[in-house]
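Throughout, protein chains are lettered first and strands after them, A, B, ... in sequence-line order, and every chain is numbered starting at 1.
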Protein chains: 2
Amino acid sequence: MYSVAVEDYLKSLWKLGPNNVGTKQLADNLRVSKASATKMILRLAEKELVDHIPYKGASLTKKGELEALSIVRKHRLLETFLSQTLGLGREEIHDEAEKLEHALSKNLEMAIAEYLGNPTRDPHGHPIPGPNGELYNESDLPLCDSPINMSLTVMQVPDDDPSILSWLENNGIHPGTELKIISRDKFDGGLNVKIGAIKKRISSSIASLVKISFEVEN
Amino acid sequence: MYSVAVEDYLKSLWKLGPNNVGTKQLADNLRVSKASATKMILRLAEKELVDHIPYKGASLTKKGELEALSIVRKHRLLETFLSQTLGLGREEIHDEAEKLEHALSKNLEMAIAEYLGNPTRDPHGHPIPGPNGELYNESDLPLCDSPINMSLTVMQVPDDDPSILSWLENNGIHPGTELKIISRDKFDGGLNVKIGAIKKRISSSIASLVKISFEVEN
DNA sequence: TATAAGGATTTGCCAAGGCTAACTTTCCAA
DNA sequence: TTGGAAAGTTAGCCTTGGCAAATCCTTATA
């Protein structure tokens with residue numbers, strides 16, 4: 001349907017959304033020059049995939065969002081499949097999925113979803129959009145904004161930075177990990193957390209990328 | 001590494017090989033104009049993937065052949081995987097594999113091969129090259145050239161024409177089918193064959209695409 | 001309020017892969 | 001042996017998706 005490049009731009013816009021996305025922000029995200037991003041935005045606007053206000057930014061139209069969600073679904077299903085079925089490590093699945101997602105037909109997507117039992121979370125904890133773009137957002141908080149001294153469960157880790165990912169992995173932090181914030185550094189916002197009986201320090205920059213949920217005890 | 005287009009040309013050259021392949025033959029195979037094929041041949045020659053003799057044709061160099069075999073391996077592994085693991089039908093797997101093969105890393109290829117138990121035949125009966133391009137050719141005969149009145153086993157069916165494929169499927173002919181040629185039409189070369197107790201007629205054009213092996217009784 | 005910095009766009013370039021139309025080579029058959 | 005058909009190539013054009021450099025907006029701050 002759409003080319004690899006178009007799909008990549010739509011996905012980035014979605015990841016950076018839902019508000020207006022600036023050309024530079026988009027260009028940086030895709031590691032492309034601002035000129036290239038501008039040109040592509042104009043083409044996407046032509047196809048009615050984005051609304052573009054010159055010098056202000058671009059945002060996905062409904063049509064563009066659906067297209068983006070379809071790619072995101074493929075990506076996350078593939079990550080789940082590569083991890084669960086083929087046993088690839090959490091660090092490698094992102095890059096593999098990134099390439100395969102563009103070559104996945106609707107048919108094959110369905111087959112994989114079925115095979116996996118229609119999962120709703122990928123191995124990083126991200127929600128998997130439904131076949132028609134339905135997204136169930138459970139309003140997870142970033143770890144850095146989470147309440148102190150409560151039982152937290154990690155829901156999402158970032159999927160696009162292997163080095164952060166392996167740091168987290170090495171420190172036992174992945175979706176499902178239960179932890180508690182002991183204290184927050186007043187100066188740099190770093191967190192002292194407890195995983196089981198073990199204490200760890202997590203920098204605020206990393207903590208902002210880890211999403212958690214917590215149970216309200218009742 | 002190489003672009004999708006380059007990989008497609010190499011694969012076609014390999015399928016049409018091993019002798020010199022003409023520009024028109026290549027162009028027809030890829031459904032592309034002669035001019036495009038010429039241009040690409042020049043580029044492939046530049047990269048030392050083919051030897052090109054102007055006005056005569058092109059043939060893969062060792063380097064080009066290895067590259068082609070790598071694509072063929074990915075294609076056939078994917079077909080096997082899609083068929084065995086995800087249960088796709090024999091008619092659909094070719095087109096899916098055609099798209100996915102270009103996005104498959106060496107790593108993932110290995111994982112799939114391992115997962116499948118390093119198979120040596122795909123679901124169409126075609127041999128799967130090894131990870132370094134090793135190909136075990138068991139010199140199968142086309143059905144149309146096969147001896148009469150002997151127990152034959154179907155080894156390969158063509159993988160690239162869904163209509164022929166489903167005709168064969170509907171008539172119970174796939175890799176593993178055992179059959180016997182009863183007689184050959186003197187005029188059009190059509191075959192009367194017996195599958196189990198059932199008699200069928202197979203046109204010579206289709207029979208030329210089905211490869212069989214036969215046991216020498218000893 | 002003026003201005004400089006930084007974001008956005010325009011312009012002009014490139015390479016890959018396509019195409020058609022025109023031209024050149026090859027080679028078969030009369 | 002030769003003429004024409006078929007195969008191969010060349011030339012010129014198009015689109016997509018990149019880039020750098022120059023220029024144009026916006027906006028924050030002095």
Side-chain angles (χ1 to χ4, degrees), chain A residues 1-17 19-61 63-64 67-68 71 98-99 101-103, chain B residues 1-17 19-61 63-64 67-68 71 98-99 101-103:
Chain A
M1 195 64 177
Y2 294 108
S3 71
V4 171
V6 166
E7 292 182 350
D8 282 338
Y9 276 90
L10 292 176
K11 196 172 51 157
S12 271
L13 283 165
W14 184 81
K15 280 200 287 186
L16 300 172
N19 6 3
N20 243 29
V21 175
T23 305
K24 180 166 194 317
Q25 198 187 359
L26 182 59
D28 287 351
N29 192 262
L30 286 164
R31 296 154 187 286
V32 129
S33 73
K34 287 179 294 170
S36 300
T38 298
K39 204 197 273 188
M40 183 59 97
I41 286 174
L42 294 179
R43 270 202 292 261
L44 295 180
E46 189 68 32
K47 298 187 211 291
E48 302 190 316
L49 292 165
V50 301
D51 290 321
H52 179 220
I53 306 172
Y55 293 102
K56 293 300 180 183
S59 55
L60 292 171
T61 59
K63 182 178 167 195
E67 205 54 51
I71 309 296
E98 197 90 324
K99 286 180 292 178
E101 64 193 18
H102 305 291
Chain B
M1 193 66 177
Y2 293 107
S3 69
V4 171
V6 166
E7 292 183 350
D8 282 339
Y9 275 91
L10 292 176
K11 197 173 51 157
S12 269
L13 283 164
W14 183 81
K15 280 199 289 187
L16 300 172
N19 5 4
N20 244 30
V21 175
T23 304
K24 177 157 196 319
Q25 198 186 358
L26 181 59
D28 287 351
N29 193 263
L30 286 163
R31 294 152 188 286
V32 130
S33 72
K34 286 180 295 169
S36 299
T38 297
K39 205 197 274 187
M40 182 58 96
I41 286 174
L42 294 180
R43 271 201 294 261
L44 296 178
E46 190 67 31
K47 298 187 210 291
E48 301 190 318
L49 292 165
V50 301
D51 291 321
H52 178 219
I53 305 170
Y55 294 102
K56 294 299 180 184
S59 56
L60 292 171
T61 60
K63 183 179 168 196
E67 206 54 50
I71 309 296
E98 196 89 326
K99 286 180 291 178
E101 63 193 17
H102 305 293

Legend entry - Euclidean distance, atom OH of residue B:Tyr2 to atom P of C:dA15 [Å, nearest integer]: 19 Å
Inset, instruction - Take the protein atom CG of A:Asp8 and the nucleotide atom C1' of D:dG17, then report the distance between them rounded to whole Å. - result: 12 Å
Inset, instruction - Would you check if there is a donor-acceptor pair between the side chains of A:Asn29 and A:Ser12 at a distance under 3.5 Å? - result: yes
Legend entry - Side chain to side chain, B:Val32 and B:Leu26, heavy atoms closer than 4.5 Å: no
Legend entry - Between P of C:dC27 and CG of B:Asn20, the distance in whole Å: 12 Å
Legend entry - Below 4.0 Å: OP1/OP2 of C:dA8 and any side-chain N or O of A:Thr38: no
Legend entry - Any A:Ser33 side-chain N or O less than 4.0 Å from OP1/OP2 of D:dC19: yes
Inset, instruction - Would you kindly compare A:Lys56 and A:Val6 by the position of their nearest DNA chain D nucleotide and give the one closer to the 5′ end? - result: A:Val6
Inset, instruction - Just compare C:dT10, D:dG8, D:dG17 and give me whichever is closest to any side-chain atom of B:Tyr55. - result: D:dG8
Legend entry - Residue-phosphate contact under 4.0 Å: B:Ser36 side-chain N/O, C:dC19 OP1/OP2: yes
Inset, instruction - Measure from CZ on B:Arg31 to C1' on C:dC19 and round the result to the nearest Å. - result: 17 Å
Inset, instruction - Spell out yes or no: do the side chain of A:Lys39 and the base of D:dG18 have one donor N/O and one acceptor N/O closer than 3.5 Å? - result: yes
Inset, instruction - Taking only the side-chain nitrogens and oxygens of A:His52, find out if one of them lies under 4.0 Å from OP1 or OP2 of C:dA8. - result: no
Legend entry - A:Lys34 vs D:dC24: side-chain N/O to OP1/OP2 distance below 4.0 Å: no
Legend entry - Most 5' of A:Ala35 and A:Val4 on DNA chain D, judged by nearest nucleotide: A:Val4
Inset, instruction - Give a yes or no answer on whether the side chain of A:Thr61 reaches the backbone of A:Asp51 with a donor-acceptor pair at less than 3.5 Å. - result: no
Legend entry - D:dG18 OP1/OP2 closer than 4.0 Å to side-chain N/O of A:Tyr9: yes
Inset, instruction - Answer yes when B:Glu67 and B:Lys47 have at least one side-chain N-carboxylate O distance shorter than 4.0 Å, and no when they do not. - result: no
Inset, instruction - Go through the N and O atoms of the side chain of B:Lys24 and the base of D:dG8, and report whether any donor-acceptor pair is under 3.5 Å. - result: no
Legend entry - Nucleotide C:dG17, atom C1' - distance to CG of B:Leu26 in whole Å: 14 Å
Legend entry - Rounded interatomic separation in angstrom, taking CD1 from B:Ile41 and P from D:dT9: 6 Å
Legend entry - Criterion side-chain contact (heavy atoms from CB on, under 4.5 Å) on A:Leu44 and A:Leu13, from CA distance to verdict: CA-CA 11 Å; A:Leu44 295 180; A:Leu13 283 165; 4.1 Å; yes
Inset, instruction - Look at the side chain of B:Ala5 and decide which nucleotide, out of C:dG18, C:dT26, D:dC24, has an atom nearest to it. - result: C:dG18
Inset, instruction - In whole angstrom, give the distance that lies between atom CD of B:Gln25 and atom C1' of D:dG8. - result: 14 Å
Legend entry - Euclidean distance, atom CD1 of residue A:Ile53 to atom C1' of D:dC25 [Å, nearest integer]: 15 Å
